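Here is how names work: the chains are called A, B, and so on, in the same order as the sequence lines, proteins then strands, and each is numbered from 1. Predicted model only: the values in this text are computed from it and were never measured.
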Number of protein chains: 2
Amino acid sequence: MLQRRDVHNSDIPALCHACEARHRGLCGALDPQQLIALSKTSSRREVPTGAELIGEAELVERYSNVLSGVVKLTKTLKDGRQQIVGLQFAPDFLGRPFKAESAMNAEAVTTVSLCSFPKATVERMMKESPELERRLLNQTLKQLDEARDWLVTLGRKTAAEKVASFLLLIARNIDPTGGSDTRSKAFDLPLTRSDIADFLGLTIETVSRQLTKLRTQGLIRIENNRHVVIHDIARLERRAGQ
Amino acid sequence: MLQRRDVHNSDIPALCHACEARHRGLCGALDPQQLIALSKTSSRREVPTGAELIGEAELVERYSNVLSGVVKLTKTLKDGRQQIVGLQFAPDFLGRPFKAESAMNAEAVTTVSLCSFPKATVERMMKESPELERRLLNQTLKQLDEARDWLVTLGRKTAAEKVASFLLLIARNIDPTGGSDTRSKAFDLPLTRSDIADFLGLTIETVSRQLTKLRTQGLIRIENNRHVVIHDIARLERRAGQ
DNA sequence: CGATAGTTTGACACAGCTCAATAGGCGTGG
DNA sequence: CCACGCCTATTGAGCTGTGTCAAACTATCG
């Protein structure tokens, strides 16, 4: 244990006090001393919609926790066709461990607040704390599960099912209503139609047509293009093909 | 360290002696004592083409290493549409850690030889050996990278590009020629046209048509339906859209 | 209110699907 | 060794869901 003990044992850094990552995120694996050590080199920042967090084939020196907002991970073919390969919500971890270069692009699709730390510090702590590594493994496994679910959506579902699946995915991850009503759900879409198309492997027009169809059939309501109300989740799930 | 030391330190279990998993697979993380302990509860077996290794929503009590052959991981929608969400080659690890129930189906697409161990033993060893957990994390990260690459293929590539991408994927993972010729490559397809279709999100007919197109254009040669020769890998890569 | 970016709607084209028939590979048994 | 049947793969013809291109509409913000 190389951990220095010259700091008071009990207190949690002010930076971390109200931080969600300390409860549900990776930082929950750290003890107070480790939190203090990490917080010395970590920095919180707020980035606006559209900000590029990591460029494709760019060197990555910092890892981040997403504290609020939504980040899209994209890959692009040479001729410009784009695919979103992951959406990160709070308190997800951002960055590919053990690789210097990023294989994809990360961009804020809403205002995003981040807490980021030097790669080296995190990797050292991972060696010292099996619990931290365990959490990272668990998050990676969860992301793999999600990616594989999405393979089914992209490979085998119709446009209508894709759009329904997307709405349910967002509803599951963004829940301002707190789940008081289990039947219906309301939220602001974090993505534009163009992002939704890139996520579903469709065009903007097809996404738009499918949303209108769901609207005219009374499954959802849309206000101001962004705010969505799902009237009956079970019914939408049936439309999503399971 | 709860590891018993009542066994001779030096020798490696006969079972593991020529095993590839000890070099490139997970077992490489284990010291001789751990190998001996694990080998006591592990068993090797050979399963024929078509054998179901894990059923969807089935309880999983054993993990396995793939020692040779190819395993497909599939998910199925209620109405029977199927999607292959992963292919496992030697020396990949089979099984979802920390989950009792499998979210997908695993089936041998060739004759497969496996070495499997009780879940509990592996999970105990993971707590004792950070190196083992590290390897598992690395394999999971690699699979996540692969799944995300495949999302691009399913979401944004044309049928022609999908088939070319598939041939390159197989060529990369099965290499009987040992890489003597860097320009061309030959191998037996482990999958039927129906499996290829399920992997690419296409129909059998479209796969077949795209293969004949590649054949008539002189990019590949096909013998007996299964044996494929890629004449010029770089040219096929261009057809795969990167 | 105009300007701008995002979204919806319409008309048409085409890639890939469906259905159907044919061809090829391979094991079994005469 | 050939004949038969079975299974898989190929090829063909027509259909349809989604893409393309273009125009109209709507929110938002100076």
Student: Restricting to side-chain contact (heavy atoms from CB on, under 4.5 Å), what partner residues turn up for Asp195(B), sequence neighbours left out?
Tutor: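 Checked Asp195(B) against side-chain contact (heavy atoms from CB on, under 4.5 Å); matches are Lys72(B), Ile84(B), Val109(B), Leu191(B), Thr192(B).
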Student: Test: salt bridge (charged side-chain N to carboxylate O under 4.0 Å, His left out). Region: residues 210-224 of chain B. Which pairs qualify, not counting sequence neighbours?
Tutor: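 Every pair satisfying salt bridge (charged side-chain N to carboxylate O under 4.0 Å, His left out) with a residue in residues 210-224 of chain B: Arg221(B)-Glu223(B).
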Student: Can you list, pair by pair, the side-chain donor-acceptor contacts under 3.5 Å of residues 46-60 of chain B, counting residues two or more places apart and other chains?
Tutor:
{"unit_1": "Thr49(B)", "atom_1": "OG1", "unit_2": "Thr111(B)", "atom_2": "N", "d": "3.4"}
{"unit_1": "Glu52(B)", "atom_1": "OE1", "unit_2": "Asn105(B)", "atom_2": "ND2", "d": "3.1"}
{"unit_1": "Glu58(B)", "atom_1": "OE1", "unit_2": "Gly55(B)", "atom_2": "N", "d": "3.3"}

Student: Can you measure Glu161(B) atom CD to dA15(C) atom P for me and round it to whole angstrom units?
Tutor: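 Whole-Å distance recorded here is 13 Å.
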Student: Might you work through the side-chain contact (heavy atoms from CB on, under 4.5 Å) test for Leu87(B) and Glu146(B), ending with a clear yes or no?
Tutor: CA-CA 10 Å; Leu87(B) 288 177; Glu146(B) 287 165 2; over 6 Å; no
Student: Using side-chain contact (heavy atoms from CB on, under 4.5 Å) as the criterion, list what pairs up with Ser116(B), not counting sequence neighbours.
Tutor: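 With neighbours one apart ignored, the set is Ser43(B), Arg45(B), Arg62(B), Ser64(B).
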Student: Take the C1' atoms of the five end pairs on each side of the helix from dC1(C)-dG30(D) to dG30(C)-dC1(D), get both axes, and report the angle to 10 degrees.
Tutor: 30°
Student: Would you mind listing every side chain to side chain donor-acceptor pair (under 3.5 Å) that reaches into residues 79-89 of chain B, with sequence neighbours excluded?
Tutor: Glu161(A)-Arg81(B), Thr76(B)-Gln82(B), Asp79(B)-Arg81(B), Gln88(B)-Gln143(B)
Student: Using residues 205-212 of chain B as the side-chain source, report each donor-acceptor pair under 3.5 Å to any protein atom, sequence neighbours left out, with the distance given to one decimal.
Tutor:
{"unit_1": "Thr206(B)", "atom_1": "OG1", "unit_2": "Thr203(B)", "atom_2": "OG1", "d": "3.0"}
{"unit_1": "Thr212(B)", "atom_1": "OG1", "unit_2": "Ser208(B)", "atom_2": "O", "d": "2.8"}
{"unit_1": "Thr212(B)", "atom_1": "OG1", "unit_2": "Arg209(B)", "atom_2": "O", "d": "2.8"}

Student: For residues 50-88 of chain B, which residue pairs pass the ring-ring contact (aromatic ring centres under 6.0 Å, His included) check, not counting sequence neighbours?
Tutor: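 Every pair satisfying ring-ring contact (aromatic ring centres under 6.0 Å, His included) with a residue in residues 50-88 of chain B: Tyr63(B)-Phe93(B).
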Student: Could you tell me the separation between the CG atom of Leu214(A) and the C1' atom of dT8(C), rounded to a whole number of Å?
Tutor: 15 Å
Student: Could you encode protein contacts along nucleotides 3-21 of chain D as a string, one character per nucleotide from 5' to 3', using B for base contact, S for sugar-phosphate-only contact and - for no contact, with a heavy-atom cut-off of under 4.0 Å?
Tutor: ------SBBBB----SSBB
